Amino acid sequence: MARGRGLSASQGLTWNGWGPAKPDQEAHVPEGTGGTPPRTLAEALRTQGDGSLVALLRARPDLLSPVPSDLSQLATRAGTRASVVRALERLDRFTLQTAEALAVATEPAPYDTLRALLTGDEGDPEIEAVLPRAVETLRDRALIWGADDRLRLVRTARELLAPSPTHPSPTGLGPTVAEATAGMSPGRLQEILTAAGLPSTHDPVSAVAALTGLFTDRTRMAALLDTAPVEALSVLDRLVWGPPYGEVTSSPTPPVQWLRDRGLLLPATTRTVVLPREAALHLRAGRAHRKPEPVAPTVAPRASDASTGARPQVVDNTAAGQAYTALATIEELAKDWNEGGPNVLRAGGLSVRDLKRTATALDVTEPVAAFWVELAYTAGLLAADGETDERYAPTPAYDDWQELPAPERWARLATAWLTATRTAGLVGGQDSKGRTLAALGPDLDRGAAPEVRRRILDLLATLPEGTAPDPESLLARLRWERPLRGASGTGRHDDLRARLAAWTLNEAEMLGITGRGALASHARALLAPDATDGEPAATADGARTPAELTATGLRAARALAPLLPEPLDHVLLQADLTAVAPGPLLRPLAELLAIAAEVESKGGATVYRFTPGSVRRALDAGQSASDLHDFLRNHSRTPVPQPLAYLIDDVARKHGHLRVGAASAYVRCDDEAVLDEILADKRSQGLRLRRLAPTVLAAHADAVTLLDGLRVMGFAPAAESAEGDVMITRAHAHRTPPRTAPAPVPDGPATPDTTLLSAAVKAIRAGDLAATVVHKPVPEPSGSGSAALASAAAASRNGALPRTTSAETLATVQAAAMTGSAVWIGYVNADGAASQRVIAPVRVEGGYVTGYDHTADEVRTYPLHRITGVAELADDPA
């Protein structure tokens, strides 16, 4: 039946998404022994091998903080709400649908019942083929336990996934007949049985059982619905796929009344009715979900690439060009902030005005500028200087980065982007309090970003080389893999992961990881060898160690190196006072050319223009006219044009003819006529000049203002020091103190390594041994026995560690040391924390017992006065 969007008022039922339903409760059953099936999750964990425990702790690393003392504590922690929610969020859609189906089944549920809920009456071979994998995944992550004939969902997962009045089941199913009729009068139950054609019963329990039997019997239920009015079937059609609740008026219409009389709609409140779960399952042909999705959606090629795609060489060349542009952009950004960049806001980050100015300097849009700024910050190349008037500036690491070959510089940027949690796409948005998020601000970390970036690259790697993905199919695949990630508490789905995916595709293109939307060959080297098989990464978040990141970065750099153009040592000078750089230039050539000329245009070839101001800037930086002539002659493939040589000589002839110092400031010149010309110029009035001597003018303006004013008047003055020497003015490279790159903010605990997992499992096993070991019973005291012995015997019968006197403790551990056997002790440490341990004493002397501690897996020494009690083991664990 088709799912309806609402019910007409004429039918007397109004659409509503809520109603009462009590979640199934999991009763606590005492722990079993022997060969009986496990009755708790802790018992089920005890039947598993170390490999299963390692897989559980790897998939749910939050269970390791701190390491559980035994398997009972591990099971308890695995059932907490926060841990279960995190585990559910990391399930794919079909595995989650499997858990949802199990949540609406009667507990414990056989495997066949679960399969029927997912395949329906007609069966589905595709679902049957993948269902064992989904069940095994849930069992490995301790979300279900028990054998296939008694599957149980952990209590918290059932509470989260089962129907409730405030949280409808994701399946759209409502409460069972028993839950919906709880509190209903016996008389009303008998009326429903009569209307449904069932014989009367003597008690409500049997009445509910009879009605449930009717709704779950396919033949009898079909016969009952055959007698229903067409309008009543239409009402059921609107409720069958959920939500199962609806409002009724005080005078329901005949179709609704017909359904209520036969229990097909049961009262939830005075004005609300609900479709019972058993009836809905019959109408759904046994399916718990309207559309099970057992297979992950395929990432399809982009429509334009579906037939041919781009040539891999074109993709690689395009990506390499973008990689070179990325390096040039970062260098340009650092150069713009070289003398101290924008001020740091009081709340942290860049102001909107400074971001706009930076975008103008880089000739990009503001969102793109925010990405480059954040990337440089993430890579540790930019940071705040920490001064009183705090500003952003390049770090010392930037200078080291500049000395690296271009491919390695790109690899540093790519690996920093791949693992960063800072998300530039959020810049300009608002946080939960309505405040605008600033670039370099404190609230841009999103823990899911590295996982999304890595997964997108993994999916791109599954496509043929040179093929770009269809964005919609890519998003569909991501939603299937993590359907619950980003779901808000209001039931609305936050599109953060979708936005992260869109930002990742754009950023990867700008960074040169992709070209024309397809993954470049050098970017494939960034991925682990096992990440290109279409399956999720080995760890939940694809995390790698710094050494692994460095190795993959170097591998990617080697793959990129042949694709980047070799730096050139020459330019082409033209008669219009321009120089054309036909490619990237060697660093010394590029740096001097950037001082002596202005950048006029960028692209595949950069055009520089020589102006009087740029030539003067080179002279101020310590170059002479002959140095500039030699520089251009040595690095130009064309002859130095005569206009350019004249420009250099003309500016050099005037440069330094005037000298400016501090009086506040002064001007001195050997040519008195030049000073007369300055005094006669009306533009000098603002400088308030006066003659101190035939060759000296004093000014009230400072030296910098005086220099600028004389240059506006057409002169080429040079600054001089207090000793009378010409001052060489170079750009001051402001650097921050040594800074470390910002650490990513993880989306939960990091995936533990194999060593930690092995040690943790060993410790848990040892602790569980101490907590569950079987010890010899303490004999009952005789009539003349001590009270302490009676107390010990009582404690032993109750399963607690017996308390023994100091003499009894000493005698027992001495005997164990002599026989080489293990004992069970209770111990209180210096902080007053009590614990149970299994030790094999080897030496007892001086008030201390030394022995091998099975719980800690090492030899330890314990003060005898801190041992509260001791008991011999029935079986020696060693």
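From a predicted model like this one, the values you see are computed outputs, not experimental measurements.
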Euclidean distance, Leu265 CG relative to Thr272 OG1, rounded to 0.5 Å: 11.5 Å

Ionic contact status for Arg93 with Glu481, cut-off 4.0 Å: no

Donor-acceptor pair, side chain of Thr194 and main chain of Gln190, under 3.5 angstrom: yes

Donor-acceptor contact present, side-chain Arg446 to main-chain Thr423, <3.5 Å: no

Backbone N/O of Leu757 and side chain of Arg58: donor-acceptor pair under 3.5 Å: no

Glu247 backbone acceptor or donor facing Arg271 side chain under 3.5 Å: no

Straight-line distance of Leu460 CG to Leu505 CG, nearest 0.5 Å: 6.5 Å

Ion pair Glu107/Arg158, N-O distance below 4.0 Å: yes

Arg46 and Ser72: CA distance, side-chain angles, deciding distance, side chain to side chain donor-acceptor pair (under 3.5 Å) verdict: CA-CA 9 Å; Arg46 288 191 181 100; Ser72 294; 2.9 Å; yes

Distance (rounded to the nearest 0.5 Å) between Leu151 CG and Leu138 CG: 9.5 Å

Pair Asp203, Ser206: side-chain N/O donor-acceptor within cut-off below 3.5 Å: yes

Any side-chain heavy-atom pair of Leu264 and Leu225 under 4.5 Å: yes

Flag, side chain of Thr40 to backbone of Glu43, donor-acceptor distance under 3.5 Å: yes

N/O donor-acceptor pair under 3.5 Å between Arg220 side chain and Gly213 backbone: yes

Give the table of side-chain donor-acceptor pairs shorter than 3.5 Å for residues 79-88, with sequence neighbours excluded, one pair per line with atom names and distance.
from  : atom 1 : to     : atom 2 : distance (Å)
Thr80 : OG1    : Arg77  : O      : 2.8
Ser83 : OG     : Arg60  : NH2    : 2.7
Ser83 : OG     : Asp62  : OD2    : 2.7
Arg86 : NH1    : Asp747 : O      : 3.2

Arg133: partners by side chain to side chain donor-acceptor pair (under 3.5 Å), with sequence neighbours left out: none

Under 3.5 Å: donor-acceptor pair, side chain of Thr298, backbone of Ala300: no

For residues 124-132, tabulate all N or O donor-acceptor pairs below 3.5 Å that involve a side-chain atom, not counting sequence neighbours.
from   : atom 1 : to     : atom 2 : distance (Å)
Asp124 : OD1    : Glu126 : N      : 3.0
Asp124 : OD1    : Ile127 : N      : 3.4

Arg139 (side chain) donor-acceptor with Gly146 (main chain) under 3.5 angstrom: yes

Cationic N near anionic O, under 4.0 Å, Arg455 to Glu451: no

Spacing of Asp92 atom CG and Thr95 atom OG1 [to the nearest 0.5 Å]: 3.5 Å

Rounded distance (nearest 0.5 Å) linking atom CG of Leu193 with atom CZ of Arg188: 10.0 Å

Donor-acceptor pair, side chain of Gln430 and main chain of Leu437, under 3.5 angstrom: no

